[in-house]
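Below is one structure, written out as structure tokens, with a few remarks after it.
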Amino acid sequence: MRMRKTAAAGAVAIALAATATACGGESGTPGDKSAGAKVFTGTYPVASGVKLDSPTLKRAQERKKLVIGAKADQPFLGFQNTDGKRTGFDIEIAKMIAADLGFAENQIEFQTVDSNVRETSISKGQVDFFVGTYTINEERKKQVGFAGPYYTAGADLLVRKDETTITGPTSLKGKKVCSIVGSTPLQEIKKPKYGAVTTELAKYSQCVTQLIDKQVDAVTTDDAILKGYAAERPKKLKVLDKPFTKEPYGVGLNKDDKALRLAITEAIEKHIKNGDYKKAYEGTLGKSGSAYVAPQTPLPRD
Ligand code: GLU
């Protein structure tokens, strides 16, 4: 009985701490309302009468809704406000593609898909396609198709502002580094040459909370993601800005749906050419300090 009471009191303390930090500002838990409010959201002309030999698109047209997988806790990239609104660079890319496929924003159903379930979610058809800091690589290509790359990031390190001992990936020996199950930066940082002790969680925002709470010494993932967290808490966090991998972002889709892949490829190219892409970048990723990396067009078609 005594033990139970103690456990309950502990739970209350944790809940209170969570409430206290969820109110935003410098001490806010990642996922507060602030990030979504200051980023650009665009609308794009919606194509009509789109006909494609794509089983995925046909299903979406029948249900009159496009289901797009996205991230929800990456400020300036793929973020969901407490009121449910989605913002960020990846969300804009998703909306541009949707418009070219004939779907307005109110005909999109975004579904949050974490890194470790992306392949399953796409290959099982739980989403029509996925846009969320998704690195194109050969391993993943065995299970899913990719259109792109539409942006290139690189794995980097997020540390507390007063950190002096971690200066780059070669200074991680014995350090606690948090990353995400199913992500490429986690695979990289687990290599024995770094000597890091990893904490492996499902969401990046959980890693950031652990970093602020000093349970880990660093968080690793793409610089584009980390800069979003640092921009929200500039007095507490910093990105080392020493990228040590290349992470080309693609739109993930059903491996066999060649027509959809081509249509998404052409949509991305069109919005790069007409300036929508740059505008979206400037209003989202550009605000958190990520460099403009002009995508190479034409994009690969094979
Ligand atoms: N771009 C990396 C990946 O696809 C890390 C970001 C993420 O987990 O979404 O694994």
Side-chain angles (χ1 to χ4, degrees), residues 30-31 35 68-80 86-94 110-123 126-127 129-158 169 177-191 194 196 198-211 216 218-230 239-253 255 284-285 288 290-291 293 295:
I68 306 180
K71 295 294 187 70
D73 67 341
Q74 297 175 349
F76 305 92
L77 269 161
F79 191 82
Q80 187 171 28
R86 307 243 179 190
T87 60
F89 185 66
D90 279 334
I91 302 301
E92 293 307 308
I93 296 288
F110 280 108
Q111 262 183 34
T112 302
V113 179
D114 288 331
S115 295
N116 62 332
V117 289
R118 287 181 289 206
E119 286 79 26
T120 324
S121 166
I122 295 164
S123 55
Q126 290 160 353
V127 295
F129 57 88
F130 174 89
V131 193
T133 60
Y134 197 14
T135 296
I136 303 170
N137 65 29
E138 293 310 312
E139 192 57 34
R140 290 172 177 168
K141 276 191 192 167
K142 291 178 191 156
Q143 295 183 67
V144 300
F146 283 105
Y150 63 89
Y151 189 76
T152 300
D156 211 319
L157 291 162
L158 179 75
V177 182
C178 192
S179 199
I180 295 310
V181 188
S183 74
T184 45
L186 175 63
Q187 274 177 5
E188 176 67 24
I189 216 69
K190 281 171 91 162
K191 288 181 181 166
Y194 295 109
T198 57
T199 298
E200 305 174 17
L201 302 176
K203 288 181 189 289
Y204 287 107
S205 45
Q206 296 167 339
C207 279
V208 177
T209 304
Q210 290 221 355
L211 179 64
V216 297
V219 178
T220 187
T221 188
D222 304 342
D223 46 8
I225 303 173
L226 298 177
K227 284 180 181 181
Y229 293 123
V239 179
L240 294 187
D241 235 338
K242 288 186 184 153
F244 52 95
T245 64
K246 271 213 172 345
E247 310 288 335
Y249 288 172
V251 175
L253 68 146
K255 195 167 157 266
T284 57
L285 271 186
S288 57
S290 281
V293 185

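The basis for the numbers below is simple: all heavy atoms, side chains too, and nothing from hydrogens, waters or symmetry mates. Quick caveat: nothing in here was measured; it's all calculated off a predicted structure. Note that ligands are numbered from 1 as they come in the structure, with each ligand's atoms numbered from 1 the same way. Along the sequence shown, the residues carry numbers beginning at 1.
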Using the ring-ring contact (aromatic ring centres under 6.0 Å, His included) definition, which of the options F129, Y249, F146 pairs with Y134?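 Exactly one candidate clears the test, F146.
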* To do: Would you mind checking if K190 and E200 are paired as a salt bridge, meaning a charged N to carboxylate O distance below 4.0 Å?
  => yes
| message | Salt bridge or not between D241 and K227? Use side-chain N to carboxylate O under 4.0 Å. | response | yes
Anything under 30° is parallel, anything over 60° is perpendicular, the rest tilted; go ahead and classify Y151 against F89. perpendicular
Sub-4.0 Å atoms of ligand 1 with respect to non-hydrogen atoms of [X]:
X: G132; result: 9 (O)
X: S183; result: 8 (O), 10 (O)
X: Y249; result: 1 (N)
X: R140; result: 3 (C), 4 (O), 10 (O)
X: T133; result: 1 (N), 2 (C), 3 (C), 4 (O), 6 (C), 7 (C), 9 (O)
X: Y134; result: 4 (O)
X: S115; result: 7 (C), 8 (O), 9 (O)
X: T221; result: 5 (C), 6 (C)

So do T87 and T284 actually touch side chain to side chain, heavy atoms under 4.5 Å? no
Does any N/O atom on [X] come nearer than 3.5 Å to any N/O atom on ligand 1?
X: K71; value: yes
X: T184; value: yes
X: R118; value: yes
X: Y204; value: yes

Does [X] reach the main-chain N or O of [Y] with its side chain, forming a donor-acceptor pair under 3.5 Å?
X: R140; Y: T135; result: yes
X: S123; Y: Q143; result: no
X: D222; Y: A153; result: no
X: S179; Y: T220; result: yes

Could you check whether any heavy atom of L186 sits closer than 4.0 Å to an atom of ligand 1, since that is the contact criterion I want to use? no
Check: Among R86, K203, R118, Q80, which one satisfies side chain to side chain contact (heavy atoms under 4.5 Å, CB included) with K71?
Finding: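 The residue from R86, K203, R118, Q80 that satisfies side chain to side chain contact (heavy atoms under 4.5 Å, CB included) with K71 turns out to be R118.
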Proximity to ligand 1 by part of [X], non-hydrogen separation under 4.0 Å:
X: A155; answer: neither
X: D222; answer: side chain
X: I225; answer: side chain

